[in-house]
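Only this structure's heavy atoms are used, side chains among them; waters, hydrogens and symmetry mates stay out. Heads up: numbering here begins at 1 and tracks the sequence.
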Amino acid sequence: MHLTHVAMAAAVTVSIAGVSYAALSPDELEATARVVADQASCRTVDAAIVAFVGANGAPPASVADLAGYVKGDITAYSIVDGVAAGPGC
């Protein structure tokens with residue numbers, strides 16, 4: 001048997017084990033996915049600021065003003081000089 005055959009068999013075995021683990025714990029995977037999906041990015045907050053200014057003609061005073069423009073948690077962000085400041089900015 002060649003070394004490449006052994007490596008391929010090992011890769012397939014590990015892949016099957018990973019898929020089997022995921023199939024047996026879907027609740028855990030869903031919870032992790034929801035946490036990641038609920039987090040907003042700096043770009044998302046910047047887009048919400050632009051939408052707010054377009055709708056109101058004035059910049060938002062705080063991120064609390066952007067609640068209707070963003071899905072997800074933006075509490076880690078603030079607005080500095082008209083743009084988002086926070087994680088990843």
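- Taking the side chain as every heavy atom from C-beta outward, Phe52 and Pro59 never approach each other to under 4.5 Å.
- One finds the CG atom of Leu66 at 5.0 Å from the CD1 atom of Ile74 (value rounded to the nearest 0.5 Å).
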Side chains of residues 78-89: which donor-acceptor partners sit under 3.5 Å, not counting sequence neighbours?
none

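- Residues forming a side chain to side chain donor-acceptor pair (under 3.5 Å) with Thr75 (at least two apart in sequence, or on another chain): Asp73.
- Closest heavy-atom contact between Tyr69 and Ala51: CD2-CB, 3.7 Å.
- Note on residues 42-53: pairs passing side-chain hydrogen bond (donor to acceptor under 3.5 Å, both in side chains), not counting sequence neighbours, are Ser41-Thr44.
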